[in-house]
Asks: 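First, the structure itself, so that you have it in front of you.
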2 protein chains.
Amino acid sequence: MQSQNISDIIEKYLKSILADAEHVEIRRSEIADLFNVVPSQINYVIKTRFTIQNGYLVESKRGGGGYIRIEKVNLLDDADVLDTLIQVIGDAITQRDAYAVVQSLYEDGVLNRREAQLILVATDRNTLGVDDHDLENSLRARIIVGILNHLRYES
Amino acid sequence: MQSQNISDIIEKYLKSILADAEHVEIRRSEIADLFNVVPSQINYVIKTRFTIQNGYLVESKRGGGGYIRIEKVNLLDDADVLDTLIQVIGDAITQRDAYAVVQSLYEDGVLNRREAQLILVATDRNTLGVDDHDLENSLRARIIVGILNHLRYES
DNA sequence: ATAATGAAAGTCAATATTAGTCAAAGATAA
DNA sequence: TTATCTTTGACTAATATTGACTTTCATTAT
């Protein structure tokens, strides 16, 4: 039984809509009501699960008639995906964001499953095994950026 | 058959579930309650009895709705070879030796060209970019050993 | 036009809910 | 006896939930 927390359930709900549509547009309070959570939890879900690393673009508007719109972007349409990703990663990246990045590359066909797994293992917290978090995140960034740069020349 | 300590009993309990299912997903505190032990004993059981060497993969999540998930995986035939390599590598390896290891894995067909390249990039001196040579060599070892451990099973 | 009002969404920090680590103490086996 | 394995619990870390307060925008009133 997975998804015991509400955030995961809301995530799945939104993604199920995105499976059929290019984008989803919601009213924050409606979704919050639907799942019986406070409105700001919707922001939490979006911030942790619909980032650009995950391949989503989010825009919103406040005030009357406000909305939140989530769009799935195909990174491959962009000629310089890799550049964009490298920029986003910068010089440090958490394991969670790294997972999102690798997952996106897999979904876009840049990496196959095995390659994606290899990268995740190589950059796993436990694999690196350093206790300094900043060092861990910067090593992870260097490894992933190094691989992305390699992929650019290779293809 | 005097495996009467609680760790053994918990181990059997979890394995009896895994006999019928591909994986088990537990809430740590629930299992701890069930057997009247402190939660951290579950970690002990997992760490000592559900290792990758035994063919188990473990993943977990903290926070609300957290869980520990244990999956039984199929160990591959080359597992022995990989074990040997892992031993040889130990806790540090130079870039030169790493190259040799990866090269031989490629020649043995364990890795394809692209995968081999990925690993070499990930463990390259410049990628890691640490000044301390000992740290560099130990990181390289950890990454390669992590990947080798991953290669021991399928999917 | 401008000001006032109300209706959204955003931010942030406090709190809650899990799991992980580690080392000391206790038990068992060699 | 000594080495190894097990049990325990205090402390740490990650993730989720909540709510008070802020900001933005559209509409209505002056």
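Just so we're clear, the structure is a prediction, and the values are computed from it rather than from any experiment. Here is how names work: the chains are called A, B, and so on, in the same order as the sequence lines, proteins then strands, and each is numbered from 1.
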Asks: Quick one: is the NZ or CZ of B:K72 closer than 6.0 Å to the six-membered ring centre of B:Y153, and within 45° of its axis?
Replies: no
Asks: So with a 6.0 Å cut-off around CD of B:Q87, is the heavy-atom count from everything else above 12?
Replies: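 Not buried by this count: 12 neighbours or fewer within 6.0 Å.
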Asks: CD1 of A:I42 versus C1' of D:dG19: gap in Å, rounded?
Replies: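 These atoms are roughly 15 Å apart.
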Asks: Can you sort out the partners of A:V38 under side chain to side chain contact (heavy atoms under 4.5 Å, CB included), two or more places apart, ordered by chain and number?
Replies: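 Partners of A:V38 by the side chain to side chain contact (heavy atoms under 4.5 Å, CB included) criterion, ordered by chain and then number, come out as A:S40, A:Q41.
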Asks: Between P on C:dA7 and CD1 on A:I68, what's the gap in Å once rounded to a whole number?
Replies: 18 Å
Asks: Could you tell me how far apart A:D131 (CG) and C:dG20 (P) are, to the nearest whole angstrom?
Replies: 18 Å
Asks: Taking N or O atoms only and anything under 3.5 Å, show me the protein contacts with nucleotides 14-16 of chain D, one pair per line.
Replies:
unit_1	atom_1	unit_2	atom_2	d
D:dA14	OP1	A:H133	NE2	3.4
D:dA14	O4'	B:R62	NH1	3.4
D:dA16	OP1	A:R49	NH2	2.7
D:dA16	OP1	B:K61	NZ	3.0
D:dA16	OP2	A:Y44	OH	2.5
D:dA16	OP2	A:R49	NH1	3.4
D:dA16	OP2	A:R96	NH2	3.3
D:dA16	O5'	A:Y44	OH	3.2

Asks: In this structure, how many angstroms lie between the P atom of C:dA8 and the CD atom of A:E59, rounded?
Replies: 18 Å
Asks: Should we count OH of A:Y13 as having more than 12 external heavy atoms under 6.0 Å?
Replies: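 At most 12 heavy atoms, drawn from other residues, nucleotides or ligands, come within 6.0 Å of this atom.
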Asks: Atom OH of B:Y67 and atom C1' of C:dA19: how far apart are they, to the nearest Å?
Replies: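 In whole Å, C:dA19 C1' and B:Y67 OH are 11 Å from each other.
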Asks: Donor-acceptor pair under 3.5 Å: do we get one between B:S40's side chain and the base of C:dG20?
Replies: no
Asks: Using the side-chain contact (heavy atoms from CB on, under 4.5 Å) rule, pick out the option among B:D8, B:N54, B:I70, B:L14 that qualifies with B:R49.
Replies: B:D8
Asks: Hey, which of A:T84, A:D97, A:L148 is the one that makes side-chain contact (heavy atoms from CB on, under 4.5 Å) with A:I89?
Replies: A:L148
Asks: Find the distance between OG1 (B:T123) and CD1 (A:I143) and round it off to the nearest 0.5 Å.
Replies: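 So the OG1 of B:T123 and the CD1 of A:I143 are separated by 8.5 Å.
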Asks: Which residue lies toward the 5' end of DNA chain C, B:G66 or B:K47, if each is placed at its nearest nucleotide?
Replies: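 Its nearest nucleotide being more 5', the pick is B:G66.
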Asks: Within residues 24-38 of chain A, which residues have any heavy atom lying less than 4.0 Å from an atom of DNA chain D?
Replies: A:V38
Asks: Give the rounded distance in Å between these two atoms: CG of A:D124 and P of C:dG20.
Replies: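 Rounding to the nearest Å, CG of A:D124 and P of C:dG20 are 13 Å apart.
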Asks: Which heavy-atom pair separates B:G65 from B:R27 by the least distance, and what is that distance?
Replies: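 In this case the closest contact between B:G65 and B:R27 is CA-NH2, 3.6 Å.
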Asks: Output the rounded distance in Å from CG (B:N43) to C1' (D:dT8).
Replies: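 Atom CG in B:N43 sits about 13 Å away from atom C1' in D:dT8.
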Asks: Expressed in angstrom and rounded to an integer, what is the separation of B:Q4 atom CD from C:dA29 atom C1'?
Replies: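 To the nearest whole Å, that distance equals 16 Å.
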